[in-house]
Amino acid sequence: MSIYVLFSLLGGVGLFLYGMSIMSSGLKNAAGDKMRVILEKATANRFISVLVGILVTLLIQSSSATDMMVISFVNSGLMVLSQAIGVIMGANIGTTVTAQITAINLGAIAPLILCIGALIYLFVKNNTVRHIGSIIMGFGMLFFGISVIKDAIKPLAQNELFIMFLATLKNPAVAVLFGVLFTALLQSSSSSVVIFQTFAIEGLIGYEMTVYLVIGAAIGSVTPNILAALTTNRNGKRTAVLNLLFNLIRAALMITLINVFPGFLKLIQSLSPDSVGHQVANTHTIFAVLAVLLELPFANLIVKLSEKVIPILPEESKRLESRQLAYMVQSGELPSSMALQQARLELGRMGDMAYDCMKDAIDSFFQHDDSLAERAMDAEDAIDVLTDKIQERLIAMRSRDYSPKVMQQISQMILVASDIERISDHGRNIAEYTEQYKARKAVLSEVGEKDLRALADAVLASMQMSLRVFKQENYALLPKAEKMEQEVDDLHLSIVNAHIDRLMKAACNPVGGVIFTDMASDLERCSDHAINVACALAD
């Protein structure tokens, strides 16, 4: 193999990968945040989850990107493993479309497609049209890369070393292993399948050998997800294991199928007898669909197996429980008194979580404890999930035949959920100041730290009183809660003015001063939201 042929092959692969990247980015930009919204709305209905996985992967042309989004959703608690496996299965079907597209020989017009896309992208000002231009440009670059790969591969048919290497792939186990390693190296199953497809089209390898390479590529496609999952929590890691298990079982099923029923591959070949490129693409698609059909009924077992590989720890169970509704669990129409009581208990529970979040955040700041900051941030994530679930249930209650007074209380409870969620947001901000304080080497004066601590204690006391009023419906305590909130306002004004005086006299570190004012503002706003909760259901 001459150095020119090697460079041409590598350049073609680079063009193909970059074209895929540009096309994927263009599709994601054109769709905005719709892909994330679609994934977030994937329900517990596994069939819908599969369809969502197919749709998203078709639109962004990357099963790895879909799987990474799923990992991030599971990691943050927005999706559970039983939903994730459906989306992962769908993504494995959606990614086969690339091979179907590349089976069509568009190499001759690829430069024209690339030129049209580049002209649109460079000279049109409208952002949406420019995104479409980048999609066309990526599409053209993808096919141009394939034509370069084909031209570079042709001389390899005469190269003895390459022919000897391909001869080693006649062993199915070696072919599968090579498919795994090659795909892991490229970090893209679409790319490796297209290259194997090109080998077959140029007559360098036979159809049956290509089939084993494609089976290996499906396993190797999990590599980017495993690498991405290394920085996630245990549930995120389970999602990557879930994907790996699905593809390992898929490989075992397909190898068994084609060895027990050798006529199955001949059947696939008969669908496009004159085009080995289409035969490879059809095999890729049919194997993916069959794997989903065969494994979907056993999805729960695969989920449990992933939990055996990475066992669930007691603290994980507690974390999972914090993201689930504890009281608003009954479906169907309930008497208004019972429905309101359940909602109040759920909101009270979430209010306690927000209080703990705020206390951990404050303690993390003054004690410079990263573990407390992390705990506060995790609580804020849980409250975000609970807020969505509670508000969804409350909105559903508004469609029932309740009295106007009850409807008003339901509306107020929706606002209470928002106020509690905002408290946790401020808690997260304060937890982040812990990291900023260290990173920026900020210093608070002794007086400044004492003032900030006094404000924090006053806010925690105000929150505690406001939550007590709400949970106990003890409105006799409301004047006291309002007085405490006013004291927080007055204290906030007093310590900020004193802080400004210190800054004017250069008696305070400027970097620490910025954190001081931001944190004081977050604390004061928490008290405002807390009194809103206390007053929400008062007559």
Side-chain angles (χ1 to χ4, degrees), residues 5 8-9 12-13 15-16 19-20 23 54 58 61 92-114 139-159 162-163 165-167 169-170 172 175-176 178-179 182-183 188-218 254-255 257-291 293:
V5 171
S8 295
L9 180 60
V13 172
L15 269 175
F16 177 86
M20 283 283 291
M23 190 165 68
I54 295 171
L58 281 174
Q61 285 296 295
N92 276 271
I93 295 175
T95 194
T96 65
V97 173
T98 304
Q100 294 288 355
I101 293 171
T102 55
I104 305 166
N105 187 7
L106 294 179
I109 61 169
L112 177 62
I113 297 171
L114 176 56
F139 195 70
M141 196 177 294
L142 183 151
F143 278 103
F144 191 64
I146 291 170
S147 67
V148 173
I149 292 170
K150 286 180 179 178
D151 291 339
I153 283 172
K154 284 178 183 177
L156 293 176
Q158 311 302 322
N159 187 285
F162 192 71
I163 291 169
F165 166 73
L166 290 179
L169 299 182
K170 289 182 179 178
V176 170
F178 179 77
F182 191 75
T183 306
S188 169
S189 62
S190 297
S191 308
S192 58
V193 168
V194 167
I195 291 171
F196 299 150
Q197 187 182 39
T198 307
F199 284 169
I201 291 170
E202 295 302 321
L204 294 174
I205 54 177
Y207 166 71
E208 289 192 8
M209 187 194 301
T210 311
V211 169
Y212 284 106
L213 290 171
V214 168
I215 291 172
M254 294 306 109
I255 290 171
L257 178 66
I258 61 180
N259 282 281
V260 174
F261 303 102
F264 183 66
L265 290 182
K266 288 183 171 57
L267 176 63
I268 296 175
Q269 286 179 291
S270 69
L271 298 175
S272 50
D274 300 324
S275 173
V276 70
H278 282 99
Q279 290 170 11
V280 174
N282 291 339
T283 305
H284 192 27
T285 302
I286 290 168
F287 278 13
V289 173
L290 271 177
L293 291 175

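For this chain, numbers begin at 1 and follow the sequence in order.
- Applying side chain to side chain contact (heavy atoms under 4.5 Å, CB included) to M254 and the options V214, V211, I215 leaves one that passes, I215.
- Across all their heavy atoms, A200 and V280 have their closest contact at CB-CG2, 4.2 Å.
- In the displayed structure, Q269 atom CD is contacted under 6.0 Å by more than 12 heavy atoms of other residues, nucleotides or ligands.
- To the nearest 0.5 Å, the span separating CG on L265 from CG on N259 amounts to 9.0 Å.
- Closest approach of L213 to A175, counting heavy atoms only: CD2-O, 3.2 Å.
- Using cut-offs of 30° and 60° on the angle between ring planes, the pair F199 and F196 is tilted.
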Show your working on side-chain contact (heavy atoms from CB on, under 4.5 Å) between I205 and Y212 and close with a plain yes or no. CA-CA 11 Å; I205 54 177; Y212 284 106; over 6 Å; no

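- Taking OG1 from T285 and CG from N92, the interatomic distance works out to 11.5 Å, rounded to the nearest 0.5 Å.
- With hydrogens and angles ignored, the 3.5 Å screen pairs a side-chain donor or acceptor of T96 with a backbone N or O of I93.
- The shortest side-chain heavy-atom distance between P172 and I255 does not fall under the 4.5 Å cut-off.
- When every heavy atom of N282 is checked against every heavy atom of S272, the shortest pair comes out as ND2-OG, 3.5 Å.
- Between I195 and F182 the shortest side-chain heavy-atom distance falls below 4.5 Å.
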List the steps, then state whether side-chain contact (heavy atoms from CB on, under 4.5 Å) holds for V193 with T95. CA-CA 10 Å; V193 168; T95 194; over 6 Å; no

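- Judged by distance alone, the side chain of Q279 and the main-chain N or O of I268 form no donor-acceptor pair under 3.5 Å.
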Determine whether L267 and F261 satisfy the following criterion, side-chain contact (heavy atoms from CB on, under 4.5 Å), listing intermediate values before the conclusion. CA-CA 10 Å; L267 176 63; F261 303 102; over 6 Å; no

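- The closest side-chain heavy-atom distance from T210 to V276 is not below 4.5 Å.
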